[in-house]
Amino acid sequence: MAKATSAPDVVRNGLRKAILTGEFPPGFQLRQEELAERFGTSRIPVREALRQLAAEGLVAIEANVGATVTTLKLSDVLEMLDIRIGLECRALELAVSNMVEADFEACAKLLAAYDKKPKASDWGEMNRSFHLALYAPCNKPRLLELIQNNFDHIGQYTRTQVSSTTGKERPQKEHYAILEACRRGDVDSGVALLRNHLLHTQKTVIAANRFTGRKIA
């Protein structure tokens, strides 16, 4: 059986999706017998999937406790947002000179679809798709993988908080400004706009943690 369709891969991908969408929130107990039943497998593929997700940082495995969805401290999230700024600003810096009309059209289409999404629960995935499309022309697979992993890891903690605190109007205005700078080939402006955009996300996480009931530890 091909690796892409092996039982551990099916379980891992299903679990990752459940974690990243918030179906399994931080601290959620991941019981092997329940997961095996959910995915129609034995416990062996479940154990392997949990091991792989632990390596990604999405799952914590402790003796006498078992596996749980990782819970990050506020300081962890803010540090990972600092990392996000460094990685993504570098990716955009490398991407701009490689962008062609098809890239601009793809990003513009994502933003137009984003505009039409009324539910805050949909905005996180639209935001993720836009940013990844924006950096794709950098043609640095390892850098893009680091960005995606970091994005996914903190997304479960920031998606709802940032969307509910900031709304859609300001981030979208900033997205369009970044894309327009890229169209002009203005690397410095695009990177500066992106950095300010991500710094605002960081400030919003702090504010959300202070004012909402869904605090990060």
Open item on the list: Exactly one of His175, Lys168, Gln172 should register a side-chain hydrogen bond (donor to acceptor under 3.5 Å, both in side chains) with Asp115. Which one does?
Closed with: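 Single pass found, and it is Gln172.
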
Nearest 0.5 Å, what's the [atom1]-[atom2] distance between [X] and [Y]?
{"X": "Thr201", "Y": "Ile154", "atom1": "OG1", "atom2": "CD1", "answer": "9.0 Å"}
{"X": "Tyr135", "Y": "Ile147", "atom1": "OH", "atom2": "CD1", "answer": "6.5 Å"}
{"X": "Ile19", "Y": "Thr70", "atom1": "CD1", "atom2": "OG1", "answer": "7.5 Å"}
{"X": "Asp76", "Y": "Thr71", "atom1": "CG", "atom2": "OG1", "answer": "10.5 Å"}
{"X": "Met80", "Y": "Ile83", "atom1": "CE", "atom2": "CD1", "answer": "6.5 Å"}
{"X": "Glu174", "Y": "Glu169", "atom1": "CD", "atom2": "CD", "answer": "11.0 Å"}

Shortest non-hydrogen contact from [X] toward [Y]:
{"X": "Leu110", "Y": "Ala133", "answer": "CD1-CB, 3.7 Å"}
{"X": "His153", "Y": "Gly57", "answer": "NE2-O, 2.8 Å"}
{"X": "Pro118", "Y": "Lys116", "answer": "CD-O, 3.1 Å"}
{"X": "Thr41", "Y": "Ala7", "answer": "CG2-CB, 4.4 Å"}

Would you say that [X] contacts [Y] through its side chain, given a criterion of any heavy-atom pair below 4.5 Å between the two side chains?
{"X": "Asn13", "Y": "Lys17", "answer": "no"}
{"X": "Leu92", "Y": "Val96", "answer": "yes"}
{"X": "Arg128", "Y": "Gln148", "answer": "yes"}
{"X": "Leu87", "Y": "Leu143", "answer": "yes"}

Just wondering, are more than 12 heavy atoms of other shown residues or ligands nearer than 6.0 Å to [atom1] in [X]?
{"X": "Gln29", "atom1": "CD", "answer": "yes"}
{"X": "Glu145", "atom1": "CD", "answer": "no"}
{"X": "Glu56", "atom1": "CD", "answer": "yes"}

Let me have the donor-acceptor pairs involving side chains of residues 42-50, under 3.5 Å, with sequence neighbours excluded, atom names and distances please.
residue, atom, partner, partner atom, Å
Ser42, OG, Ile44, N, 3.4
Glu48, OE1, Arg51, NE, 3.1
Glu48, OE2, Arg51, NH2, 2.5
Glu48, OE2, Gln52, NE2, 2.8

Any Lys/Arg nitrogen of [X] or [Y] sitting under 4.0 Å from an Asp/Glu carboxylate oxygen of the other?
{"X": "Glu93", "Y": "Arg90", "result": "yes"}
{"X": "Arg38", "Y": "Glu34", "result": "no"}
{"X": "Asp152", "Y": "Arg16", "result": "no"}

Open item on the list: Quick one: does any side-chain atom of Asp103 pair with a main-chain N or O of Val100 as donor and acceptor, under 3.5 Å?
Closed with: yes

Task: Evaluation steps, side-chain contact (heavy atoms from CB on, under 4.5 Å), between Val59 and Val69 - done: CA-CA 5 Å; Val59 169; Val69 177; 5.6 Å; no

Open item on the list: Could you walk me through whether Arg170 and His200 satisfy the side-chain contact (heavy atoms from CB on, under 4.5 Å) test, starting with their C-alpha distance in whole Å, then the side-chain angles of each, then the deciding distance to 0.1 Å, before giving a yes or no?
Closed with: CA-CA 10 Å; Arg170 174 171 179 159; His200 186 261; 3.2 Å; yes

Task: Polar contact flag, side-chain donor to acceptor under 3.5 angstrom, Asn150-Glu88 - done: no

Open item on the list: side-chain contact (heavy atoms from CB on, under 4.5 Å) for Phe130 and Leu134? Distances and angles first, verdict last.
Closed with: CA-CA 6 Å; Phe130 168 73; Leu134 195 67; 4.2 Å; yes

For residues 178-194, dump all side-chain donor-acceptor pairs below 3.5 Å to protein atoms at least two apart in sequence or in another chain.
residue, atom, partner, partner atom, Å
Arg183, NH1, Glu101, OE2, 3.4
Asp186, OD1, Ser189, N, 3.0

Task: Stepwise side-chain contact (heavy atoms from CB on, under 4.5 Å) test for Leu132 and Leu144 - done: CA-CA 8 Å; Leu132 294 179; Leu144 292 172; 5.8 Å; no

Task: Residue list, side chain to side chain donor-acceptor pair (under 3.5 Å) with Arg31, at least two apart or on another chain - done: none

